Amino acid sequence: MKLSKQERIGAFVIAIIVILALGIFLFIKPRFEAIQSTTATLETKQNEYVAALEKQSTKDPLKEQVLEAYKQGETLADMFFPELCNYDAEAEFRAFLEQCESKVLVAALTVSDPGTSTLNPTYYVEPEVTYALKSYVTQGLEPTEEELAAENRQLILSEALGEGQTVGSTTISFTVSAIDQEELMKFCDEVNSYFKDEHGVPTRKAMMIEGMSIDYRLLQEEYDNLVEELQEKANQDSTAAVYKAAGLTQPPASPNEAPVSPNEGVNGEEQDKLVVSDYIYNVSTSITFYSVEHMQDPTEQLKQQDNAIIL
């Protein structure tokens, strides 16, 4: 069967459309998708390249920041002791005693095993008296500029110090003796003035004395004697007032008894004699050495990273 001219033209057009559709589906569309994928990959790589350049530009400033942080950390660590075993802690304590200028005697020395302690910043909070009437009359009262400034200073200080940190510690317990209480107070101050040479710089070391309680016996004796005299005088005055109010004659006071020697009783019996220990002040206390290890020097590691980037 022969096709008419119009039918042949229609079949030819249909064939062309089919060929074009197949060409687009088989050749053009995959290429277009590949171009889109390549374009996305190119954009990703370009972004990575830009990020790498930005990171590369921060390398030197970051390196300087790391080195500066190391210097600050190294200086701060100089204030602390290295981790101390029992023998090292005792040696440090003896070095501290050699530097002390107070006249004291240290005995009964015991050294604890190395452990940890938490150092927390503390802030003084002034006690405030509160009661209903005060709350009523001060309600709605705005804080003064001075109070706001003090609150702001404490906020800045707390942000700078941060929270507590756990560090190493070794505690030495002992008994310190002196013939003068002022020498014991000087010994307490020695803790705040203990310096060691660190990299050519005198550095105060992190240590704390605990449990130092001084009993001022002489002052207490004087106070007790004064109270006794005042009580005796009050008794005499009150007795005289009672007799006077009653219209009676107060009997004469008995004559003073002969003084008794310090070491002899009323009947001549010998009392306990004073010994040397009666003139010595003894206090049981302890000193804690705080330890922080030094940071490792990052210079060599930074150089290796620079070489890796160059390669």
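All residue numbers refer to positions in the sequence shown, counting from 1. Not measured: the values here are computed from a predicted model.
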**Message:** Counting neighbours of NZ on Lys103 that are heavy atoms of other residues, nucleotides or ligands and sit closer than 6.0 Å, is the number greater than 12?
**Reply:** no
**Complete:** Tightest non-hydrogen contact, residues Met207 and Val191, listed as O-CG1, 3.6 Å
**Closest heavy-atom pair and its distance - Ser291, Val167** = O-CB, 3.5 Å
**Message:** For Glu210 and Thr288: C-alpha separation, side-chain torsions, deciding distance, then whether side chain to side chain contact (heavy atoms under 4.5 Å, CB included) applies.
**Reply:** CA-CA 8 Å; Glu210 299 179 271; Thr288 301; 3.2 Å; yes
**Request:** Answer yes or no: is there a donor N or O on one side and an acceptor on the other, between the side chain of Glu147 and the main chain of Thr144, under 3.5 Å?
**Result:** yes
**Prompt:** Less than 4.5 Å apart, any side-chain heavy atom of Phe187 and any of Leu97?
**Reply:** yes
**Message:** Within this structure, what is the CZ-CZ distance for the pair Phe195 and Arg204, rounded to the nearest 0.5 Å?
**Reply:** 7.0 Å
**Item:** Between CD on residue Gln36 and OG1 on residue Thr41, distance to nearest 0.5 Å
**Value:** 11.5 Å
**Asked** What are the two closest heavy atoms between Thr116 and Ser169, and how far apart are they?
**Response** C-OG, 3.4 Å
**Message:** Please tell me whether Ile209 and Leu109 are part of a single hydrophobic cluster in this structure, the criterion being side-chain heavy atoms less than 4.5 Å apart.
**Reply:** yes
**Item:** Passing candidate, side-chain contact (heavy atoms from CB on, under 4.5 Å) with Phe289, options Thr171, Asp88, Ile172
**Value:** Ile172
**Prompt:** Partners of Thr285 by side chain to side chain donor-acceptor pair (under 3.5 Å), sequence neighbours excluded?
**Reply:** none
**Atom of Ser112, atom of Thr170 and distance for their closest heavy-atom approach** = O-CG2, 3.6 Å
**Message:** Can you confirm whether the side chains of Asn282 and Thr175 place a donor and an acceptor under 3.5 Å from each other?
**Reply:** no
**Heavy-atom side-chain contact between Glu190 and Ser102 under 4.5 Å** = yes
**Complete:** Distance col, row Leu42:CG vs Ser37:OG, nearest 0.5 angstrom, shows 11.0 Å
**Residue pair Val104 / Ser177, side-chain heavy-atom distance below 4.5 Å** = no
**Prompt:** Would you say Asp197's side chain and Gly200's backbone share a donor-acceptor pair under 3.5 angstrom?
**Reply:** yes
**Message:** For a 4.5 angstrom cut-off between non-hydrogen side-chain atoms, does Tyr131 reach Ser135?
**Reply:** no
**Request:** Could you tell me whether Glu83 atom CD has more than 12 heavy atoms of other residues or ligands within 6.0 Å of it?
**Result:** no
**Request:** Please check if any side-chain donor atom of Thr118 sits under 3.5 Å from a side-chain acceptor atom of Gln165, or the reverse.
**Result:** no
**Message:** Looking only at side-chain N and O atoms, does Ser173 offer a donor or acceptor that is under 3.5 Å from a partner on Ser286?
**Reply:** no
Contacts under 3.5 angstrom, residues 227-234 side chains, donor-acceptor by atom type, not counting sequence neighbours:
from, atom 1, to, atom 2, distance (Å)
Lys233, NZ, Asp237, OD2, 3.0

**Item:** Greater than 12 external heavy atoms within 6.0 Å of Glu101's CD
**Value:** no
**Item:** Tyr281/Val176 under side chain to side chain contact (heavy atoms under 4.5 Å, CB included): CA gap, chis, key distance, verdict
**Value:** CA-CA 8 Å; Tyr281 300 91; Val176 58; over 6 Å; no
**Chi angles and distances behind the ring pair (Phe, Tyr, Trp, His ring centres under 6.0 Å) call for Tyr290, Phe80** = CA-CA 6 Å; Tyr290 296 106; Phe80 294 83; 7.3 Å; no
**Arg153 CZ to Leu148 CG distance, which is reported to the nearest 0.5 Å** = 10.5 Å
**Asked** Which is it for Phe174 and Thr110 under the side chain to side chain contact (heavy atoms under 4.5 Å, CB included) test, yes or no, and what are the steps along the way?
**Response** CA-CA 6 Å; Phe174 55 94; Thr110 59; over 6 Å; no
**Fill in**
Heavy-atom nearest pair, Ser158 first then Leu155, reads OG-O, 2.8 Å
**Prompt:** Salt bridge check: are Glu98 and Arg94 linked by an N-O gap of less than 4.0 Å?
**Reply:** no
**Fill in**
So NZ of Lys205 and CG of Asn192: to nearest 0.5 Å the spacing works out to 15.0 Å
**Item:** Student check: side-chain heavy atoms of Cys85 and Asp113 closer than 4.5 Å
**Value:** no
**Asked** Any chance CD of Glu151 has more than 12 other-residue heavy atoms, nucleotides or ligands included, within less than 6.0 Å?
**Response** no
**Prompt:** How long is the span from the CD atom in Glu92 to the CZ atom in Phe81, to the nearest 0.5 Å?
**Reply:** 5.0 Å
**Prompt:** Please walk me through it: do Tyr87 and Val111 pass side chain to side chain contact (heavy atoms under 4.5 Å, CB included)?
**Reply:** CA-CA 9 Å; Tyr87 176 81; Val111 184; over 6 Å; no
